[in-house]
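The structure appears right after this line, and notes come after that.
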Amino acid sequence: MNSRRVLWSALGAVALVAVIGGAWIFSLPPAPSAAAPPAITQQERDATVAALKPPKRQRPLIAIIGINDATETTDYLMPYGILKRADVADVVTLATKPGPVTLYPTLKVEPQATVAEFDAQHFDGADYVIVPAMSRDDDPEALQWIRSQSAKGAIVIGVCAGAKVVGDAGLLHDKQATTHWYFVKELRGKHPTMRYVRDRRLVVDKGVATTTGITASMPMSLTLIEAIAGPDKARAVGSEIGLAEWNARHESDAFKFTRPFALTAIRNTAAFWAHEQLGIELKDDVDEVSLALVTDAWSRTYRSQAVTFASSAGAQQSRGGLRILPDQVAANWPAARLLPATEDAKPTEALDNALAGIAARYGTDTADFVAMQLEYPKRQLP
């Protein structure tokens, strides 16, 4: 009798959870809104570029900070790769402690210096500090270093959820800002004096810049190049990476937690037996921007994890001089689970190809699910 009662109680609890969960899912919007965002005036564009002009050096020094245990892949690598390609500034990747930086959701790199080593070499600080999303927003060493760089006159740029780190460093008080769509409510709640700006991929206010989600670091980097070296140089680099047009315009209402988004996450997570590890060969001179975008996208499907492999355990040097460590030592990878090489495609093409591959392998819902996480504008989807 007792066992029957326990069984019925358990079934009742499961049913209750299912009813509550179902009600929550059906309370979500069926699709994002489709309202055209306001245009960017030339005056606003000029003001944004002017606000990002180098504050100290003619050839600026740009530092990208990460914490060793988990820093977002594309937030860390894409600004580095694009700015190194432009060759208009000295760019260095940093970590709070010695040793590799484990990026999430994929890749591992050797930073070029620790924050302590950077400070010893550059006592007057950087011109720009780029802050990616991190696994924790309150790392004491990262926050202290970001504050000190701001105090020395650096322009601090929070990429994606890196805005939360910038906020915890105390730099968003009474400033306009933005962040990844998923974290807007959290950021506004923690920093009530911050003024959230809709429909802009990049917001600059009094020495602090913030961006929307992950792929926004691409137009942000081009805008920074324009501020440093002028529009012709920015257009040339934009053409090289496959982004001929860019500005701060953004459709905020197109990115939100919807019913299809939630259902795709649940369905793909539940299909644990079909989860797979996909390999991409890591070679010297790999374009770090394309590698970051492709491995990041394939690792956000909730069905797959992208891993790098190489014939030896040693780090491979990227196009921009960054040392990337392979996840696995292997001479080859099963053809059915091998991701195509990225060297023949521009970074935006590599991402579009990855999304097309995800759609072919797992369905368009999963491709849309990944693009939503990356906050990648729908008009750019394949």
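From a predicted model like this one, the values you see are computed outputs, not experimental measurements.
Looking at Lys256 and Met372, their side chains never come closer than 4.5 Å, going by heavy atoms from C-beta outward. Side-chain atoms of Ile146 and Leu171, non-hydrogen and from C-beta on, do get closer than 4.5 Å to each other. Between Leu172 and Thr193 the shortest side-chain heavy-atom distance does not fall below 4.5 Å. Met220 places a side-chain heavy atom less than 4.5 Å from the side chain of Leu202.
For Lys97, the side chain to side chain donor-acceptor pair (under 3.5 Å) test picks out Glu141, with sequence neighbours left out. Partners of His250 according to the side chain to side chain donor-acceptor pair (under 3.5 Å) rule, which considers only residues two or more places apart in sequence or in another chain, are Glu375. For Gln328, the side chain to side chain donor-acceptor pair (under 3.5 Å) partners two or more places apart in sequence, or in a different chain, are Gln277. Residues meeting the side chain to side chain donor-acceptor pair (under 3.5 Å) test with Asn332, sequence neighbours left out: none. Legend: residues meeting salt bridge (charged side-chain N to carboxylate O under 4.0 Å, His left out) with Asp90, ordered by chain and number and at least two apart, are Arg59.
For residues 37-49, the salt bridge (charged side-chain N to carboxylate O under 4.0 Å, His left out) pairs, not counting sequence neighbours, are Glu44-Arg200, Arg45-Glu226. Pairs passing the ring-ring contact (aromatic ring centres under 6.0 Å, His included) check and including a residue from residues 140-164, sequence neighbours excluded, read Phe118-Trp145. Sequence neighbours left out, not one pair with a member in residues 324-339 passes salt bridge (charged side-chain N to carboxylate O under 4.0 Å, His left out). Residues in residues 154-181 take part in these salt bridge (charged side-chain N to carboxylate O under 4.0 Å, His left out) pairs, two or more places apart or across chains: Asp137-Lys164, Lys164-Glu186, Asp168-Lys190, Asp174-Arg195.
With a 6.0 Å radius and a threshold of 12 heavy atoms from other residues, nucleotides or ligands, Lys53 has its NZ atom above the threshold. For NZ of Lys108, the number of neighbouring non-hydrogen atoms (other residues, nucleotides, ligands) closer than 6.0 Å is 12 at most.
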Under 3.5 Å donor-acceptor pairs involving side-chain atoms of residues 356-363, not counting sequence neighbours:
| residue | atom | partner | partner atom | Å |
| --- | --- | --- | --- | --- |
| Arg361 | NE | Glu276 | OE2 | 2.7 |
| Arg361 | NH2 | Glu276 | OE1 | 3.2 |
| Arg361 | NH2 | Glu276 | OE2 | 3.4 |
| Arg361 | NH2 | Ala336 | O | 2.9 |
| Tyr362 | OH | Glu276 | OE2 | 2.5 |

Anything under 3.5 Å between a donor and an acceptor, one on a side chain of residues 126-133, the other on a protein residue two or more places apart or in another chain? List them.
| residue | atom | partner | partner atom | Å |
| --- | --- | --- | --- | --- |
| Asp127 | OD1 | Arg57 | NH1 | 2.5 |
| Asp127 | OD1 | Leu61 | N | 2.9 |
| Asp127 | OD2 | Lys56 | N | 3.0 |
| Asp127 | OD2 | Arg57 | N | 2.9 |
| Tyr128 | OH | Leu52 | O | 2.5 |

Apply side chain to side chain contact (heavy atoms under 4.5 Å, CB included) to the pair Val294 and Leu351, showing each step before the final yes or no.
CA-CA 6 Å; Val294 169; Leu351 177 56; 5.9 Å; no
Could you walk me through whether Ile82 and Met218 pass the side chain to side chain contact (heavy atoms under 4.5 Å, CB included) test, one step at a time?
CA-CA 8 Å; Ile82 295 174; Met218 192 175 294; 3.9 Å; yes
If you apply the rule side chain to side chain contact (heavy atoms under 4.5 Å, CB included), what do you find for Ile65 with Met134, and how did you get there?
CA-CA 10 Å; Ile65 183 176; Met134 303 176 187; 4.1 Å; yes
Could you go through the side chain to side chain contact (heavy atoms under 4.5 Å, CB included) check for Leu339 and Glu281 one step at a time?
CA-CA 8 Å; Leu339 293 175; Glu281 188 173 7; over 6 Å; no
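Side-chain polar atoms of Thr215 and Arg201 form a donor-acceptor pair below 3.5 angstrom. When only modelled atom types and interatomic distance are considered, Gln112 and Tyr80 share a side-chain donor-acceptor pair under 3.5 Å. Judged by distance alone, the side chains of Asp296 and Thr74 do bring a donor and an acceptor atom under 3.5 Å apart. Under 3.5 Å, the side chains of Ser318 and Asp287 contain no donor-acceptor pair of N or O atoms. For the residue pair Tyr376 and Asp368, no side-chain donor N or O sits within less than 3.5 Å of a side-chain acceptor on the partner.
Of the possible donor and acceptor atoms, one in the side chain of His180 sits under 3.5 Å from a partner among the backbone N and O of Tyr182. Side chain of Lys233 to main chain of Ala86: a donor-acceptor pair is present (N/O by atom type, distance under 3.5 Å, no hydrogens or angles). A donor-acceptor pair is defined here as one N or O able to donate and one able to accept, closer than 3.5 Å; no such pair exists between the side chain of His173 and the backbone of His191. Panel note: side chain Gln149, backbone Gly125; no donor-acceptor pair is recorded below 3.5 Å. Listed for the Asp75 side chain is no donor-acceptor partner under 3.5 Å among the backbone atoms of Cys160.
In this structure, the ring of Trp181 has its center less than 6.0 angstrom from the ring center of Phe261.
The other residues sharing a hydrophobic cluster with Phe272 are Trp273, where clustering joins ILVMFWY side chains under 4.5 Å apart.
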